[in-house]
Amino acid sequence: MLNKFIQRPSAKVLGCTFAISLCLISPSVINSTSWAQTRSNVNPLIEQLQSSNEQQWLKAAEALSKRGTEAVPALRNALKSPNARLRSGAAFALGRIGAVASVAVPDLALLLKDSDTNVRANAVFALGNMGKATKSVVPQLAETLKDKDNNIRVSIIRVFEALGTDARAAVPGLIAILDDPDATLIYNAVQALLQIGETPELIAATKNPNPQIRGAAIASLGRTNNPETIKVITAGLKDTDARVRRNAVVTLRLVGAKAKSTVPALIDALKDPDEGVRQMAAEALGEIRPLKEMIAALLSENENLQRGAAYALGKIGAAAIPDLRNALKHPNPRVRSYAASALGDMGELAAPALPELTAALKDSDAKVRENAIRAIEFSGKAKTLIPQLTQLLKDNNPLVRNAAAKSLNMGTIAKAAIPELTRALKDLNSDVRKSALYALSSMGEQAKSVSPQIAAMLQDKDALIRTDVVSTLINVHANKSTVLPYLGNALKNPDKNVRVAAAYALGDIRTPTKETIRYLLAGNTDSDQDVRGAVAVSLSKIRAKAPNLMPKK
């Protein structure tokens, strides 16, 4: 991910006219008519290109493009007309004809300095469709990078991107754009430079006094195979500007395994004062996968190194598991914690480490216990440790209790945990209460017996919990009418959101009864219009599926 001055911009309309907006349509070339027929047909169409009517202008340009190469002489003449509409239309038609009209490239290049914006825009469009022939006018296009219209500048840059190495003469102009305040221009310039490839000018730009240019120049070198260029990018990790360092580390990540020589520099970047640089360095190391170096960093005394190593080791996957299993027994609790974190990032791959992770559930360090729970949960093996995870609902650390409650959100297989989860509904920590509520909700009717305790949470001080109680009650009653008393009570809750949720839930009950309607009609007099609206929706649903239950008007 590139930094803020080279991030991908939002989509923009690239053309300056209605015609230029069609620039991605491939041209049709029809050469079947004779020159005599074409000549008689072309002149009236050329005249129509002077029309101020957009539809007529466009139809004429399209018709001329279908004449193919036989229309090219007349269109080249039209490029010299004093009428701007005609020049613009002729350029557009030539662009629609495409590379077979490349004889017109020099004429089109002359229009790059035209006083009319639409003429310049369509000249660029046409040159962009002329294939390799456009290489001959790259200097003229590069000069037009100074155009006052940014849409034209973007279009020119995209022509250079399509030309790739054939546009090397444009590199100085593209580098100059890296200093522009417009993010769209900078982003497209970087993409064009990527396609053109590394050049002496681009490498030199990595030492420019302007950090914006340095950062964008480094990003433009992201497809290099050159070890010397990789060294240039790596030097950016020591730049005084954090944005440049971020671009350097992201670029090295794109270089991937070819950047293995930069591993020491990337490990050093894990200690960078900028959090973004540290995170991106960890991601880059995860792509390069230097196992030995990452284990050494995990066992270090520097927490930033340990954190970054854990992230990278999680990306490395199965190859790192033996070392991580050993690290779970390390005397330093931070090493154990980050080892468990790395295993958690591996998901099911971490299953072989289950014995060590199970032992870590009793670790003296709370962070180790928390990360071990997470790793067990993500490994898919939590169902084999339900008693141990249930016991951790009593842990003295709220983060551990919360992790345990989350891990038990696995449906009826964890029904033995219902008593402890019910007690956790009164936990002092709102996250623990919330996670316990969700776990009980996943158990469906197995948790129906604790409905009163769940319903009591309609008075919880956490607004989100109060609202979620309604859906939990629906789940544990399997959407049956036995939930009605609880929902009826929820319709009297002081919290408007709870009343709205209850009103909607009443309309979703699988088999509505007269009692359902009685509760809803009571809610029809609610002081809040949102509640009344939810009541109306639910009554409408019941009317559709059980009209006989509705009271007579």
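Please read all numbers here as calculations on a predicted model, not as lab measurements. Because only heavy atoms are used, hydrogens play no part in the values below, and waters and symmetry mates are left out as well, while side chains stay in.
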I want to check something: taking the side chain as every heavy atom from C-beta on, are R76 and V103 in contact at a cut-off of under 4.5 Å?
yes

Contact summary for P273 and R278, nearest pair of heavy atoms
O-NH1, 3.3 Å

Worked check of side chain to side chain contact (heavy atoms under 4.5 Å, CB included) between F378 and L343:
CA-CA 9 Å; F378 293 163; L343 288 164; over 6 Å; no

Does K367 pair with E370 as a salt bridge, N-O distance under 4.0 Å?
yes

What I'd like to find out is whether the side chain of L298 reaches to under 4.5 Å of the side chain of L324, using heavy atoms alone.
yes

Looking only at heavy atoms, which two atoms of Q306 and A297 are closest? And how far apart?
CG-O, 3.7 Å

Could you check if a side-chain atom of L252 sits within less than 4.5 angstrom of a side-chain atom of I230, using non-hydrogen atoms only?
yes

dist L86:CG -> L75:CG (nearest 0.5 Å) comes out at 9.0 Å

State the CD1-OG distance between I97 and S102, to the nearest 0.5 angstrom.
11.0 Å

Residues R245, D274: salt bridge by 4.0 Å N-O rule:
no

Salt-bridge test for D530 and K496: reply yes if a basic N is under 4.0 Å from a carboxylate O, no otherwise.
yes

If only side-chain N and O atoms count, and only distance matters, is there a donor-acceptor pair under 3.5 Å linking E198 with N226?
yes

Flag if over 12 foreign heavy atoms under 6.0 Å of NZ, K434
yes

So T165 and I196, do their side chains get closer than 4.5 Å, heavy atoms only?
no

Could you tell me the separation between the CD1 atom of I177 and the CD1 atom of I186, rounded to the nearest 0.5 Å?
9.5 Å

So, Y438 and D468: side-chain donor and acceptor under 3.5 Å apart, yes or no?
yes

Is any side-chain heavy atom of M346 closer than 4.5 Å to one of I321?
yes

Does R67 pair with E70 as a salt bridge, N-O distance under 4.0 Å?
no

Would you please test E301 and N332 for side chain to side chain contact (heavy atoms under 4.5 Å, CB included) and show each step?
CA-CA 9 Å; E301 293 297 321; N332 185 332; 3.8 Å; yes

Decide yes or no for K80 and D107: does some side-chain heavy atom of the first lie under 4.5 Å from some side-chain heavy atom of the second?
yes

Shortest non-hydrogen contact from L270 to A282?
CD2-N, 3.6 Å

How many angstroms lie between atom CG of D239 and atom CD1 of I218, to the nearest 0.5 angstrom?
6.5 Å

Any side-chain donor paired with an acceptor under 3.5 Å for N371 and R374?
no

Return the CD1 to OG1 distance between I233 and T224, rounded to the nearest 0.5 Å.
6.0 Å

Enter the distance from N188:CG to D180:CG here, rounded to the nearest 0.5 Å.
11.5 Å

Show the numbers, then the answer: is there a side-chain hydrogen bond (donor to acceptor under 3.5 Å, both in side chains) between S88 and N118?
CA-CA 6 Å; S88 180; N118 293 335; 5.6 Å; no

If we only count heavy atoms from C-beta on, is the K315 to L285 side-chain gap below 4.5 Å?
no

Residues E283 and Q279: side-chain donor-acceptor under 3.5 angstrom:
yes

Could you tell me which residues satisfy side-chain hydrogen bond (donor to acceptor under 3.5 Å, both in side chains) with N150, sequence neighbours excluded, listed by chain and number?
R153, D182

Should the pair D495-R466 be classified as a salt bridge under the 4.0 Å nitrogen-to-oxygen rule?
yes

Any side-chain donor near an acceptor of the partner, N402 and S435, under 3.5 Å:
yes

Looking only at heavy atoms, which two atoms of F160 and L145 are closest? And how far apart?
CE1-CD1, 3.9 Å

Show, in sequence, the C-alpha distance, side-chain angles and deciding distance for R158 and E161, and conclude whether the salt bridge (charged side-chain N to carboxylate O under 4.0 Å, His left out) test is met.
CA-CA 5 Å; R158 290 188 174 178; E161 183 178 355; 5.3 Å; no

Regarding D149 and T117, do their side chains bring together a donor and an acceptor under 3.5 Å, going by distance alone?
no

I'd like to know if E54 and R85 make a salt bridge, using a cut-off of under 4.0 Å between side-chain N and carboxylate O.
yes

Tell me, with the steps shown, if N409 and S442 meet side-chain hydrogen bond (donor to acceptor under 3.5 Å, both in side chains).
CA-CA 6 Å; N409 188 348; S442 76; 3.3 Å; yes

Minimal non-hydrogen separation, R87 against L111, with atom names:
CD-CD2, 4.2 Å

Heavy-atom distance under 4.5 Å between the side chains of I376 and S407, does that happen here?
no

Would you check, one step at a time, whether the test side chain to side chain contact (heavy atoms under 4.5 Å, CB included) holds for E62 with F92?
CA-CA 9 Å; E62 287 288 336; F92 175 67; 4.2 Å; yes

Donor-acceptor pair, R214 side chain versus P209 backbone, under 3.5 Å?
yes

Heavy-atom pair with the smallest gap, counting every atom of A61 and G89:
CB-O, 4.3 Å

CA sep, side-chain torsions, deciding dist, call: T234, L266, side chain to side chain contact (heavy atoms under 4.5 Å, CB included)
CA-CA 8 Å; T234 306; L266 286 168; over 6 Å; no

